[in-house]
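This report concerns only the one structure given below.
Order of listing sets the numbers, starting from 1, for every ligand and every atom in it. Values below: all heavy atoms of this structure, side chains included; hydrogens, waters and symmetry mates excluded. On a predicted model such as this, the values are computed, not experimentally measured, just so you know.
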Amino acid sequence: MTRAIYPGSFDPLTNGHLDVIERSARLFDEVIVAILTNPQKEPLFSVDERMDVLRRIVQPRLKNVRLDVFHGLLVDYAKKLQAQVIVRGIRAVSDYEYEFQMALMNRRLNPDIETVFMMPSESYSFLSSRLVKEVAQLGGSVKGLVPDLVEELLSKKLK
Ligand SMILES: Nc1ncnc2c1ncn2[C@@H]1O[C@H](COP(=O)(O)OP(=O)(O)O)[C@@H](O)[C@H]1O
Ligand SMILES: [Mg+2]
């Protein structure tokens, strides 16, 4: 039985994240989507708001996906949950450098845990939560890039 963790900020959840979650759910027996609370990042959505989105969008669709929140060292969290795999999404070359460093650091910290990179559909390969927030903040449409619920929450929050 292979358990994977997909950690991230999900601030907010985009269709790119969903693409990675769906691919992972097909590949692994169980996927834990975990919101990483990073004190260095100033999020737009609170952890509760982000969790609520995941609960309403991800949970009903995929039976082998669980949701969680964590802080601290990812490899410690993975060990605690007895997960063998860390899933990360990789878009353009620009993701590569940072993700590569992190994967090798995590391997050094715990050689038993493998990082697996998933490529989203090409239509989401330019998509990031940061860009979604910027576009929404400036009044542009993010339709088709995020779930409808997220689109609604963004326009409420930024009104
Ligand atoms: N459009 C996308 N397609 C594929 N992977 C993505 C996309 N957007 C984000 N990701 C991946 O999802 C993971 C979580 O991203 P994010 O929510 O930004 O959290 P983090 O703060 O860890 O970067 C990262 O591995 C990131 O590369
Ligand atoms: Mg990111």
Handout entry: From the candidates L74, T14, L127, the one that places a heavy atom nearest atom 1 (N) of ligand 1
Key = L127
Problem - Non-hydrogen atom of F126 closer than 4.0 Å to ligand 1 - result: no
Problem - Within 6.0 Å of CZ in R23, more than 12 heavy atoms from elsewhere - result: yes
Exercise for the section: Would you mind listing which atoms of ligand 1 come within a distance below 4.0 Å of any non-hydrogen atom of E99? Expected result: 25 (O), 27 (O)
Handout entry: Spacing of CG belonging to L13 relative to CD1 belonging to I21, to within rounding of 0.5 Å
Key = 5.5 Å
Handout entry: Separation of M102 CE from D95 CG (nearest 0.5 Å)
Key = 9.5 Å
Problem - Close approach of K41 to ligand 1, heavy atoms, under 4.0 angstrom - result: yes
Exercise for the section: Consider every N or O of M118 and every N or O of ligand 1, then say whether any pair is closer than 3.5 Å. Expected result: no
Fill in the blank from the handout: Nearest non-hydrogen protein atom to atom 7 (C) of ligand 1, with distance, is R91 CD, 3.5 Å
Problem - Taking atom 15 (O) of ligand 1 as the reference point, the nearest protein heavy atom with its distance - result: H17 NE2, 3.5 Å
Problem - Atom indices of ligand 1, in the order listed, that fall short of 4.0 Å to a heavy atom of V20 - result: 4 (C), 5 (N)
Exercise for the section: Provide the number and element of each atom of ligand 1 under 4.0 Å from a heavy atom of P7. Expected result: 14 (C)
Exercise for the section: May I ask you to identify the nearest protein heavy atom to atom 26 (C) of ligand 1, giving residue, atom name and distance to one decimal place in Å? Expected result: G89 O, 3.7 Å
Practice task
Provide, to 0.1 Å, the distance between atom 4 (C) of ligand 1 and the closest protein heavy atom, together with that atom's residue and name.
Solution key: P120 CG, 3.3 Å
Handout entry: Test of proximity, R88 against ligand 1: N or O pairs below 3.5 Å
Key = yes
Fill in the blank from the handout: Under 4.0 Å from one or more heavy atoms of S9, ligand 1 contributes atoms 16 (P), 17 (O), 19 (O), 20 (P), 21 (O)
Problem - Numbered atoms of ligand 1 (with element) below 4.0 Å of F10, judged on heavy atoms - result: 17 (O)
Practice task
Please state whether the rings of Y96 and F100 are parallel, tilted or perpendicular, taking 30° and 60° as the class boundaries.
Solution key: parallel
Practice task
Taking all non-hydrogen atoms of both residues into account, name the closest pair between L18 and P147 and its distance.
Solution key: CD1-CG, 3.8 Å
Practice task
Look only at interatomic distance and state if Y6 has a nitrogen or oxygen under 3.5 Å from any nitrogen or oxygen of ligand 1.
Solution key: yes
